[in-house]
Amino acid sequence: MNNLLRKLLDDRLAQDFFTRETTKVAHDLLGKLLVSYHNKILLVGKIVETEAYRSDDPASHTYRGKTERNSTMFGPIGHAYVYINYGIHYGFNVVARDENFPAGGVLIRAVEPLEGIEVMKKNRHSASDASLKNLTNGPGKLTQAFGITKVDDHLDLLTSSKIFLAKNSIYPHENYTIEKSSRIGISKAREYLWRFYIKKLS
DNA sequence: CACCCGATTATCT
DNA sequence: GATAATCGGGTGT
């Protein structure tokens, strides 16, 4: 268990990964790992769906400039931007942008549970169906399963071990293609195909 | 399985 | 005062 955590920390994604054009980072995060180590509990999920939100994008929280809520996305690259959505759910993003944009982030929309599945099920107590499929297949679901809340807004994912992102050199690599589409749940900029997801090949 | 709708509140206008 | 980067339960096919 401790060896696993050490290995994951060795594989952590660094600042240069996130200091690139936001849609490129969103694309390349697919297949990477979302890791949380908190209260001696290790949770790991493979990222299978993301969305890019750039500051020149009418659908982004940052489109109309800096406010108290969105200030994280104008701040240091690699930090976590956690926002409350629909009054009920949390959304988890990582700040990512190149020098052409003052703000930007990638929303992690879905992961596949790999480690700590029983804890995730417990965290998702409200789920009537605690099956693997319904555990972390949505932005509000994965934050609930991982215990990510508003207190994690602004957390530095480049140095924190509570939450970080890592490449996958541990778990089996499956064959898949990367698909893109319009983003979910937005009314503006529907023509931007900035949602990326993994489609498994059988 | 597809669609529809209510819940619930921070944030912005 | 309206909207929202969602979810889960319900209804109907």
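Because the structure is predicted, anything quoted here is derived from the model rather than measured. Here is how names work: the chains are called A, B, and so on, in the same order as the sequence lines, proteins then strands, and each is numbered from 1. Keep in mind that the numbers below use all heavy atoms, side chains included, and drop hydrogens, waters and symmetry copies.
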A/Lys200 and A/Glu112: CA distance, side-chain angles, deciding distance, salt bridge (Lys or Arg N to Asp or Glu O under 4.0 Å) verdict: CA-CA 12 Å; A/Lys200 287 186 185 178; A/Glu112 276 182 11; 3.0 Å; yes

Step-by-step salt bridge (Lys or Arg N to Asp or Glu O under 4.0 Å) determination, A/Arg54 to A/Glu21: CA-CA 9 Å; A/Arg54 231 166 54 184; A/Glu21 197 277 318; 2.7 Å; yes

Salt bridge (Lys or Arg N to Asp or Glu O under 4.0 Å) assessment of A/Asp57 paired with A/Lys188: CA-CA 9 Å; A/Asp57 160 20; A/Lys188 298 163 197 154; over 6 Å; no

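Considering every non-hydrogen atom in both A/Arg97 and A/Phe74, the closest pair reads NH2-O, 3.7 Å. Residues A/Phe146 and A/Gly45 approach most closely at CZ-N, 3.7 Å, considering heavy atoms.
Within the 4.0 angstrom heavy-atom criterion, base atoms lie near A/Leu107. Using a 4.0 Å heavy-atom distance criterion, A/Gly91 is classed as making no nucleic acid contact.
Without hydrogens or angle criteria, A/Thr143 side chain to A/Pro139 main chain gives a donor-acceptor distance under 3.5 Å. For A/Asn168 (side chain) and A/Tyr171 (main-chain N/O), a donor-acceptor pair under 3.5 Å exists by modelled atom type. Side-chain atoms of A/Asn39 never come within 3.5 Å of backbone atoms of A/Ile41 as a donor-acceptor pair (strictly under, hydrogens ignored). Distance alone, capped at 3.5 Å, places no donor-acceptor pair between the A/Glu49 side chain and the A/Ile108 backbone.
DNA chain C is contacted by both A/Gly87 and A/Gly138; A/Gly87 maps to the nucleotide lying nearer its 5′ end (nearest heavy atom per residue).
The side-chain heavy atoms of A/Pro76 and A/Val95, taken from C-beta on, include no pair separated by under 4.5 Å.
Summarising the geometry, the separation between OH on A/Tyr197 and C1' on C/dA5 is reported as 17 Å, rounded to the nearest angstrom. Computed from coordinates, the A/Tyr63 OH to B/dT11 C1' distance equals 19 Å when rounded to whole Å. Note: CD (A/Glu49) to C1' (C/dA5) measures 11 Å, nearest angstrom. In this structure, A/Tyr83 atom OH and B/dT11 atom P are separated by 13 Å, rounded to whole Å. B/dC12 atom P lies 12 Å from atom NZ of A/Lys188, rounded to whole Å. We find that CD1 of A/Ile186 is positioned 17 Å from P of C/dT3, with the value rounded to whole Å. Note: CZ (A/Arg183) to P (C/dT6) measures 11 Å, nearest angstrom. The distance from atom CD of A/Glu51 to atom C1' of C/dA4 is 14 Å, rounded to the nearest whole Å.
Under 4.0 angstrom from either OP1 or OP2 of B/dA10 there lies no side-chain N or O belonging to A/Lys150. In this model, the phosphate group of B/dT11 is not approached by any side-chain N or O of A/His61 to a distance below 4.0 Å at OP1 or OP2. OP1 and OP2 of C/dC7 both lie 4.0 Å or more from every side-chain N or O belonging to A/Arg124. A close approach under 4.0 Å does not occur between any side-chain nitrogen or oxygen of A/Ser60 and OP1 or OP2 of C/dA5.
Counted by atom type alone, A/Asp153 and A/Thr72 present one or more donor-acceptor pairs between their side chains at under 3.5 Å. Between the side chains of A/His154 and A/Tyr81, no donor N or O sits under 3.5 Å from an acceptor N or O.
When distances run from any side-chain atom of A/Asn93 to the nucleotides C/dA5, C/dG8, B/dA10, the shortest one goes to C/dA5.
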With the criterion being N/O to N/O and under 3.5 Å, what pairs connect the protein with nucleotides 2-7 of chain B, and how long is each?
none

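Across residues 66-78 of chain A, A/Thr67, A/Arg69 each have a non-hydrogen atom less than 4.0 Å from an atom of DNA chain B (numbered order).
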Watson-Crick or G-U pairs under 3.5 Å in DNA chain C, rendered as dot-bracket with [ ] for crossing pairs and | for another strand: ||||.|||||||.

